[in-house]
Amino acid sequence: GFVHRDDDAAGHVVRVLPEMRASIQIMIADPLWLRGAGNVAAWERLPRITLWAPKYRWCYGFAVGHIKAYAAGLTVAGLYALTGRPASQLVDQVLALSDINAALARDIDPQADEPFESWRTRATVRLRDVFNATPAIDDPLAASLAILATEEGGAVARAAEAAGLSERQYRRLFIRLYGVSPKHYQRAIRVDRMIRQLHEFPWEIDSYEAPIPFSDQPHAIREFRAMTGITPRAYLRAKQSRDATLRSVPVEGIAAPRSASG
């Protein structure tokens, strides 16, 4: 999937919520800075073209004034094709694409004033070349992920059965491939679905028809806050301006990086 974001009302620190899908992101206007959630964490300026692994932790982000970005979402297999490493070895990391595949980074860098649709067509061809040149990998757990996203009460056991594994084997393989336990993934995907449903104008919709398997509303609120650092109500308040950005929320009390303006 491809995304184009063009927002000239930046200039404030935001809370960047977890994103379970890997992606390639290109900052065309102002650079993006990230900072971990801890009080001693330092701001880091990201390269222009980055590869984002699945992120299960929220962090802070900042751009001086104008965010213009082109991005391409990746599957677990796509992430492996680019890096030669499973997602488990990359969780919560943001890497310079040039350090992984310098030729690809150069080839998909947008030309001056290149329209999004033109870039998307060109990037699709180039990415297909990379993927076609890499032996395909089979994700033996792919069919079980929907169970974790939609079922409660023994969902891990049923997911293991769907994968043809014992629970112990399933947990081990899940951690080896995804870098988190099936239970942690289940919590994260439920909150991810909740974010999509809360947002009135999302980039993406919730692709599951089944209700999110929270036992009750307090349970949903606790899980949402544990994964994002804010409550669902706070998320909705932040989106009252019809903000179309799905996974960033303005936050007060956090100083921007001092060197960002330079």
Side-chain angles (χ1 to χ4, degrees), residues 1 3 5 13-25 27 32-39 41 43-44 46 50-63 67 69 71-76 78-79 83 86-95 141 145-146 148-150 152 155-156 174-175 177-199 201-208 212-214 219-239 243-251 254:
V3 170
R5 180 181 177 190
V13 176
V14 298
R15 185 186 300 265
V16 181
L17 304 186
E19 167 60 274
M20 300 173 64
R21 185 175 62 185
S23 64
I24 294 171
Q25 298 190 24
M27 301 301 297
L32 180 65
W33 296 70
L34 291 184
R35 203 201 90 175
N39 291 331
W43 285 102
E44 177 185 1
L46 299 187
T50 49
L51 177 66
W52 291 59
K55 292 181 67 63
Y56 291 90
R57 300 177 183 177
W58 64 268
C59 62
Y60 296 114
F62 178 79
I67 296 176
L74 301 171
T75 64
V76 171
L79 181 63
T83 66
S88 58
Q89 297 181 14
L90 301 168
V91 166
D92 291 325
Q93 296 185 46
V94 180
L95 309 170
L141 306 183
L145 300 182
L148 299 179
T150 60
E152 186 59 88
V156 174
F174 202 101
I175 292 171
L177 291 179
Y178 289 90
V180 294
S181 70
K183 190 64 178 177
H184 191 102
Y185 180 93
Q186 182 186 35
R187 295 178 64 203
I189 192 64
R190 290 185 303 192
V191 170
D192 186 76
R193 292 184 62 196
M194 193 172 178
I195 290 172
R196 298 178 191 222
Q197 291 186 13
L198 285 171
H199 202 301
F201 300 100
W203 292 341
E204 308 161 22
I205 61 172
D206 180 12
S207 58
Y208 298 101
I212 305 174
F214 292 118
H219 179 212
I221 294 172
R222 288 195 305 271
E223 289 291 273
F224 192 95
R225 186 166 190 169
M227 295 297 298
T228 68
I230 58 175
T231 64
R233 185 182 296 273
Y235 180 85
L236 285 173
R237 280 201 304 268
K239 299 302 174 184
D243 179 6
T245 306
L246 192 62
R247 290 185 177 86
S248 67
V249 178
V251 62
I254 301 297

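All values below were derived from every heavy atom in this structure, side-chain atoms included, with hydrogens, water molecules and symmetry-related copies excluded.
No side-chain heavy atom of Y178 sits under 4.5 Å from any side-chain heavy atom of S88. Residues H219 and R190 have side chains in contact (heavy-atom distance under 4.5 Å, counting atoms from C-beta outward). In this structure, the side chains of R35 and I254 come closer than 4.5 Å at one or more pairs of heavy atoms. Using a 4.5 Å heavy-atom cutoff, the side chains of L79 and P54 are in contact. Residues E44 and C59 form no side-chain contact, since every pair of their non-hydrogen atoms from C-beta on lies 4.5 Å or further apart. For the pair W52/E19, no side-chain contact is recorded, criterion being any heavy-atom separation below 4.5 Å from C-beta on. You'll find the side chain of P232 stays beyond 4.5 Å of the side chain of Q197, heavy atoms only. A 4.5 Å side-chain heavy-atom check between M27 and R5 finds every atom pair outside the cut-off.
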**Item:** Chi angles and distances behind the side-chain contact (heavy atoms from CB on, under 4.5 Å) call for V94, L34
**Value:** CA-CA 10 Å; V94 180; L34 291 184; 4.0 Å; yes

**Request:** Check step by step if side-chain contact (heavy atoms from CB on, under 4.5 Å) holds for L17 and V191.
**Result:** CA-CA 10 Å; L17 304 186; V191 170; over 6 Å; no

**Asked** Between M194 and Y235, is a side-chain contact (heavy atoms from CB on, under 4.5 Å) present by the stated rule, with each step listed?
**Response** CA-CA 11 Å; M194 193 172 178; Y235 180 85; over 6 Å; no

**Stepwise side-chain contact (heavy atoms from CB on, under 4.5 Å) check, Y185 with L145** = CA-CA 9 Å; Y185 180 93; L145 300 182; 3.7 Å; yes

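Closest non-hydrogen pair, A37 versus W58, comes out as CB-CH2, 3.5 Å. Taking all atoms of both residues into account, the shortest heavy-atom contact from Q186 to I189 is O-CG2, 3.2 Å. Smallest separation of non-hydrogen atoms from T150 and A146: OG1-O, 2.7 Å. Between V91 and G179, the closest heavy-atom pair is CG2-CA, 4.1 Å. The two residues A238 and P250 make their nearest non-hydrogen contact at CB-CD, 4.3 Å.
Side-chain atoms of T228 come within 3.5 Å of backbone N or O of I230 as a donor-acceptor pair.
Ring planes of Y60 and W43: tilted class, angle from 30 to 60°.
A distance of 5.0 Å separates CG of L198 from CG of L236, quoted to the nearest 0.5 Å. Note that CG of L51 is 7.0 Å distant from CG of L90, once rounded to the nearest 0.5 Å. Note that CG of L74 is 5.0 Å distant from CD1 of I24, once rounded to the nearest 0.5 Å. Rounding to the nearest 0.5 Å places NE2 of H184 at 11.0 Å from CD1 of I175. Expressed to the nearest 0.5 Å, how far CG of L177 lies from CD of Q89 amounts to 10.5 Å. One distance of note links CE of M227 with CE of M20; it measures 7.5 Å at 0.5 Å rounding.
Among the candidates R21, R187, R247, the single residue satisfying the side-chain hydrogen bond (donor to acceptor under 3.5 Å, both in side chains) test with D192 is R247.
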